[in-house]
Amino acid sequence: MSIPQKPFSPYTPELESVDAARAFYEIVKQRRTVRQFSQTPVPREVIEQVLLAAGTAPSGAHKQPWRFIAVSNQDIKHKIRLAAEEVEREFYEQRASDRWLKDLEVFETSPDKSYMDTVPWLIIVMALRSTDDGGQVYYLNESVGIATGMLLTAAHHAGLATLTHTPSPMNFLRDVLGRPEHERPYMVIPMGYPAADCTVPDLDRKGIDEISVFLE
Ligand code: IYR
């Protein structure tokens, strides 16, 4: 049995493709990972739209193997902060290799995750190891990775700043959030407006010749 087909309504940009592509690049190249957030509230409806955008991602056999836990509750954010700081302390003090610490040095990251208390929202991305009714899922990491990328892009497009945080191990999140076994914590994404005095590392991005090979 197959899914009924319907006519496809393609998205047609108002600009020529090259101009549309350029305009989008001009927007997304302004996206930066930030670690200083404003306490200006972000309405739930904004978050819902961003999550709906993420949920349009393609997925293996259209299983949509993701769940986004959106936390603005102060107590829960604080619990997540404390637990994340604990695993991060262990990372910085014991688990990280010297080379890893050296690579991180320039970013001045640390186990201090105090922004988790002040940021309006923490979005915890869960990868579903099975569907909610126990069914098989496919290409889980690829599917959730794409959805997460779209989430970051949608947040940026709405003027919100994000941080991709992967405390490791991340299983504490399932307990703190009271989530079922088949939800595997994938990423923690603090989300809000950037602080007025927010700074970011002065980084370069690779150019087209470095990130691509054209065989024409
Ligand atoms: N998870 C740690 C360490 C860390 C690792 C990488 I790779 C980064 O790009 C940034 C941080 C932390 O969040 O501090």
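Note that ligands are numbered from 1 as they come in the structure, with each ligand's atoms numbered from 1 the same way.
- Given atom 1 (N) of ligand 1, the protein heavy atom at minimum distance is Glu88 OE2, 2.9 Å.
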How far apart are the C-alpha atoms of Arg174 and Glu181, what are their side-chain angles, what is the distance that settles it, and do they pass the salt bridge (charged side-chain N to carboxylate O under 4.0 Å, His left out) test?
CA-CA 8 Å; Arg174 200 189 286 125; Glu181 268 295 304; 3.7 Å; yes
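- Residue contacts with ligand 1: Trp100 is placed with no nitrogen or oxygen under 3.5 Å of a nitrogen or oxygen of the ligand (distance criterion only).
- Residue His165 has at least one heavy-atom neighbour below 4.0 Å for each of these atoms of ligand 1: 13 (O).
- A 4.5 Å side-chain heavy-atom check between Ile80 and Leu177 finds at least one atom pair inside the cut-off.
- Pairs engaging residues 100-111 under the side-chain hydrogen bond (donor to acceptor under 3.5 Å, both in side chains) rule: Tyr92-Thr109 [sequence neighbours left out].
- Nearest heavy atoms, Val137 versus Ser130: CG1-C, 3.8 Å.
- Nearest-heavy-atom check against atom 4 (C) of ligand 1 across Asp103, Val87, Leu104 picks out Leu104.
- Interface of Lys113 with ligand 1, defined as ligand atoms under 4.0 Å from a residue heavy atom, comprises 12 (C), 13 (O), 14 (O).
- Contact atoms of ligand 1 toward Phe91: 3 (C) (distance under 4.0 Å to a heavy atom of the residue).
- In terms of modelled atom types and a separation under 3.5 Å, the side chain of Glu85 and the main chain of Leu82 share no donor-acceptor contact.
- Ligand 1 places these atoms under 4.0 Å from at least one heavy atom of Ser110: 14 (O).
- Of the polar atoms of Tyr92, at least one N or O is found under 3.5 Å from an N or O of ligand 1, judged by distance alone.
- Using cut-offs of 30° and 60° on the angle between ring planes, the pair His165 and Tyr115 is perpendicular.
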